[in-house]
Amino acid sequence: MANPGNPVLWVPENLVFSPARRKTGGDLELLSGVGTCGRLLEACDRSERLGEGGDEDVAQPIVLKNGTDSADPSLLEKLFCQYVSCGKVELARLVFDKMQRPRVFLWNSMIRAYSWNGPFHRAVDLFRRMVNSGVAPNKFTFPFVLKACSGLLVLQCGKEIHSRVMRVGLHADVFVCTALVDMYMKCGRLDESRRLFVKMSHRDIVAWNAMVAGCALHGMHGDAIDFVLDMTRTGVTPNSSTVVAVLPAIGEAKALTHGKSVHAFCVRKGLEKVDVLVGTALLDVYGKCNHIDYAQKIFDAMTVRNEVTWSAIIGAYVSCDHMAKALEAFNQMMLEGHQQPTSPTLASILRACARLTELNGGRQMHGYLLKSGFSSDIMVGNSLLSMYSKCGNAEDAVGLFSKMETRDTVSYGAIISGCLQNGNVQEALHIFRKMQASRTEPDVATMVGVIPACSHLAAVQHGRCSHGHVIVRGLSSDISICNALIDMYAKCGRINDARDIFDRMVKRDVVSWNAIISGYGIHGLGKEALSLFHSLQITGLNPDDVTFICLLSACSHSGLIKEGKELFSAMTKSFNIVPRIEHCICMVDLLGRGGHLDEAQDFIKNMPFASDVCVWGALLSACRLHKNLQLGEEVSRIIQKLGPEGTGNFVLLSNIYSAAGKFDEAAIVRIHQKRKGFKKSPGCSWIEIRGKVHAFIGGDQSHPDSLRIHEILGDLFVEMQKLGYKANTSYVLQNVEEEEKEHLLLYHSEKLAIAFGILSLSGSQPIFVTKNLRVCGDCHNAIKFITTITKREISLRDANRFHHFIDGNCSCGDFW
DNA sequence: CTAGGGTTAG
């Protein structure tokens with residue numbers, strides 16, 4: 001059932017809702033389906049009332065009744081106008097087609113009707129017909145047809161119309177010119193648009209708004225804001241369209257101050273309560289700027305709300321991490337029943353379920369979506385994929401993905417990262433290959449999702465391949481891509497390649513710095529990490545909470561205890577970063593690893609918040625490292641007390657580990673239990689040989705070369721013993737005879753992978769093995785002997801860091 | 001006016 005504390009999602013039982021039906025407005029469809037095709041009734045008594053505007057009740061029966069085709073031209077015109085003003089575009093068109101020689105203004109009305117709500121291509125077609133039938137377009141025609149071009153994003157067509165405008169000498173007309181500015185803006189020709197705009201002798205508010213909206217549309221947030229400032233300087237007062245155009249840009253730029261001044265302007269004009277568009281846009285800005293209280297105030301004060309308003313407030317709650325409020329708002333909306341959910345609403349709700357790992361609620365939503373006809377909506381479908389993945393349900397995500405009718409780049413991105421989040425790296429890479437086969441173009445987000453798959457595998461060949469993809473697609477200058485590449489190369493043991501990417505970046509963000517600092521950290525190069533931190537401060541970029549986690553962990557792995565302590569205090573004092581539990585885990589780890597067990601314990605006791613299993617787990621592994629059994633047992637008991645209920649097996653397993661002195665295994669069990677649900681992943685090691693990844697689990701005999709691998713290990717064991725190696729059987733979990741323990745140790749996954757490396761690679765090639773968990777202590781010792789015997793260089797990346805073994809020594813100096 | 005997938009940490 002639902003997690004305690006999480007709100008239960010309310011979903012109506014039998015609600016059926018078809019988005020398609022709402023959009024077309026059924027009666028129009030029915031009418032045109034009757035097939036009366038302009039057979040008109042000479043409803044003379046009623047024709048008097050035609051043209052008064054907007055009375056559709058009068059207009060409809062006229063066309064529906066059978067009558068003669070010999071309609072009076074003036075009646076046709078009146079009827080046409082009537083339909084146009086009622087918004088009955090299709091009916092207006094029927095009448096229009098009946099006219100013998102429509103006058104210019106009738107062409108204009110018809111084109112305008114299409115340019116208003118589409119279909120835009122009809123407006124353009126009609127314009128062409130108009131020109132071909134010898135009717136000269138006038139200054140009213142051009143703005144309408146240009147608007148249709150903007151809607152269709154047909155630059156070529158727009159250019160043709162531009163040259164026609166020049167030929168008939170209408171380029172100085174403010175309306176025509178404004179429409180051209182808008183068309184070029186929307187079609188992405190910002191230079192041409194700006195050129196025309198600057199040349200205009202008189203710019204009205206519509207022209208200014210076109211510039212503002214265009215900049216906002218193309219993600220040029222700063223320019224959009226600047227245009228609004230410019231227009232006020234030249235004495236043009238913004239209107240509600242300006243506000244609605246600029247607010248999304250302000251929101252994207254998270255420019256809270258600008259948002260507030262626009263808000264103030266709206267209050268002066270009395271817009272924010274009565275204008276739905278303004279109110280909605282405003283509350284969205286506050287949501288994006290993380291000011292949910294203001295967003296809510298605006299929402300509460302609005303006298304008119306539409307479905308977009310509800311979507312916006314729900315989305316704002318979700319992005320401000322108020323999931324309960326988001327679900328509450330959704331329930332309220334459904335109960336009030338004035339507004340139906342739309343795909344953005346549902347996408348936000350699914351995001352909320354994902355964040356809460358509220359699988360039951362998510363499933364309920366899925367059921368509702370199936371009933372209500374939303375399940376074919378690609379955005380909703382993608383949100384569902386993500387929800388299932390984030391709730392740890394990879395199978396349902398993959399199942400859903402395979403059943404999707406259409407998949408776009410986002411669908412692939414969602415499923416690839418979903419597989420990755422659930423630890424299925426192979427499947428992620430597999431789907432990436434299918435994506436390429438399906439000719440779906442990967443974009444930045446896809447590649448940012450794929451590159452970490454290579455980092456997890458530590459498969460540098462795959463990684464280089466992804467790097468190649470990125471270059472070919474021209475994405476190699478993207479900051480996020482570079483960040484992912486830095487991380488990938490660092491985790492694949494190529495710290496210098498990582499540094500190279502970092503050094504070549506034109507622009508870096510804090511994640512770039514964090515990635516390279518973390519890279520040095522896992523390589524045990526703490527001094528380098530610290531020196532990068534100093535460079536970071538010179539750039540003027542602010543380090544964030546993650547930076548300090550990277551730094552503290554780097555210090556911890558390099559034994560830089562004094563530096564770590566200084567960083568921790570500087571973090572709060574000089575950088576105003578509130579320590580999170582993660583920082584405390586690093587500190588306990590740092591102190592504990594360094595042997596300051598009492599200090600670590602004091603640190604936990606003085607933490608400003610309640611300690612959790614992970615903090616004690618860090619201390620427990622320190623107890624294991626320094627063989628402090630007494631404190632270790634004490635800590636084990638605390639962990640047992642903290643452990644959540646219903647995890648009996650974990651408690652038991654943890655006890656076995658602890659009783660046998662396997663404190664770090666016990667800690668790992670606890671951490672896994674806490675973080676990943678209730679599954680403990682088995683120790684697994686792998687090695688990439690000529691682009692193929694070979695994976696081994698302990699005692700594995702499934703590899704085709706298993707026999708020879710075992711032979712190699714057997715021979716090595718004999719040699720190692722001659723050099724003084726003694727198996728450390730305290731690392732064996734099972735309660736078996738000593739000899740059996742030695743046997744089990746010999747076939748640990750990391751040893752198997754190394755033996756396979758020896759078998760497959762020539763003597764001069766370094767061996768690079770990756771393990772999902774932390775390296776076993778006996779293996780760590782054994783590998784040192786193996787480097788002496790085989791004269792090979794061996795690198796091992798485990799869950800925490802790198803170990804470079806050479807000539808019987810490890811780069812970590814046994815400090816791990 | 002609202003909206004789906006992504007990078008850094010332990």
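Chain naming here is simple, since letters A, B, ... match the order of the sequence lines and numbering starts at 1 in each. Just so you know, these numbers use all the heavy atoms, side chains as well, and skip hydrogens, waters and symmetry mates.
For A:N306, the listed nucleotide lying nearest its side chain is B:dC1; candidates were B:dC1, B:dA9, B:dG5. When the nucleotides B:dC1, B:dT8, B:dG10 are ranked by their closest atom to the side chain of A:I549, B:dG10 comes out on top. Distances from the side chain of A:C550 to the nucleotides B:dT7, B:dT2, B:dA9 place B:dA9 closest. When the nucleotides B:dG4, B:dT7, B:dC1 are ranked by their closest atom to the side chain of A:A347, B:dG4 comes out on top. If you check B:dT8, B:dG10, B:dC1 against the side chain of A:A281, the one that comes closest is B:dC1.
Shortest non-hydrogen contact noted between A:M505 and A:S512 is CE-OG, 3.5 Å. Here the shortest heavy-atom pairing between A:F265 and A:P238 reads CZ-O, 3.2 Å.
What separates CG of A:L475 from P of B:dG5 is a distance of 19 Å, to the nearest Å. As a whole-Å value, the separation of A:I486 CD1 from B:dT8 C1' is 9 Å. Separating the OH atom of A:Y317 from the P atom of B:dA3 is a distance of 16 Å, rounded to the nearest angstrom. Counting to the nearest Å, the C1' atom of B:dG6 and the CD atom of A:E441 are 17 Å from each other. What separates CD of A:E307 from P of B:dA3 is a distance of 14 Å, to the nearest Å. For the pair A:L350 CG and B:dG4 P, the interatomic distance rounds to 11 Å; values are reported in whole Å. Atom CZ of A:F548 is separated from atom C1' of B:dT8 by 15 Å (rounded to the nearest Å). The interatomic distance linking A:I314 (CD1) with B:dG4 (C1') rounds to 16 Å, in whole Å.
Within 4.0 Å of A:D509, counting heavy atoms only, lies no atom of the nucleic acid at all. Among the protein residues, A:I378 comes within range of the nucleic acid bases, having at least one heavy atom under 4.0 Å from a base atom. The residue A:T409 sits close to a base: some heavy atom pair falls under 4.0 Å. Using a 4.0 Å heavy-atom distance criterion, A:R580 is classed as a base contact. Among the heavy atoms of the strands lying under 4.0 Å from A:A445 is at least one base atom, whether or not backbone atoms are also near. Residue-level contact check: A:Q339 touches neither bases nor backbone, having no heavy atom under 4.0 Å from any strand. Nucleic acid contact class of A:T446 (heavy atoms, under 4.0 Å, all strands): base. Here A:V546 lies in heavy-atom contact (under 4.0 Å) with a base. Here A:D408 lies in heavy-atom contact (under 4.0 Å) with a base. Looking at heavy-atom distances under 4.0 Å, A:V444 makes contact with a base.
OP1 or OP2 of B:dA3 sits under 4.0 Å from a side-chain N or O of A:K288. OP1 or OP2 of B:dG10 sits under 4.0 Å from a side-chain N or O of A:S553. A sub-4.0 Å separation between OP1 or OP2 of B:dA9 and a side-chain N or O of A:S518 is present. Distances shorter than 4.0 Å separate some side-chain N or O of A:K491 from OP1 or OP2 on B:dA9. A close approach under 4.0 Å does not occur between any side-chain nitrogen or oxygen of A:R351 and OP1 or OP2 of B:dA3. In this structure, A:Q421 does not reach the B:dG5 phosphate: none of its side-chain N or O atoms is under 4.0 Å from OP1 or OP2. Regarding contacts with the backbone of B:dG4, every side-chain N or O of A:S386 stays at 4.0 angstrom or more from both OP1 and OP2. Checking the phosphate oxygens (OP1, OP2) of B:dG6, a side-chain nitrogen or oxygen of A:K390 falls inside 4.0 Å.
At a cut-off of 3.5 angstrom, counting only N and O atoms as typed in the model, there is no donor on one side facing an acceptor on the other between the side-chain of A:D443 and the base of B:dG6. In this model, no side-chain donor or acceptor of A:S411 finds a partner on the base of B:dG5 within 3.5 Å.
Judged purely by distance below 3.5 Å, without hydrogens or angles, the side chains of A:T280 and A:T309 pair a donor atom with an acceptor atom.
When ring centroids are compared, A:W513 and A:F502 come within the 6.0 Å threshold. In summary, the aromatic rings of A:W310 and A:F330 are positioned with their centroids too far apart to meet the 6.0 Å limit. Two rings, from A:Y412 and A:F401, have their centers less than 6.0 Å apart.
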Legend entry - Residue pair A:L567, A:L530: steps toward the side-chain contact (heavy atoms from CB on, under 4.5 Å) verdict: CA-CA 10 Å; A:L567 278 167; A:L530 289 177; 3.6 Å; yes
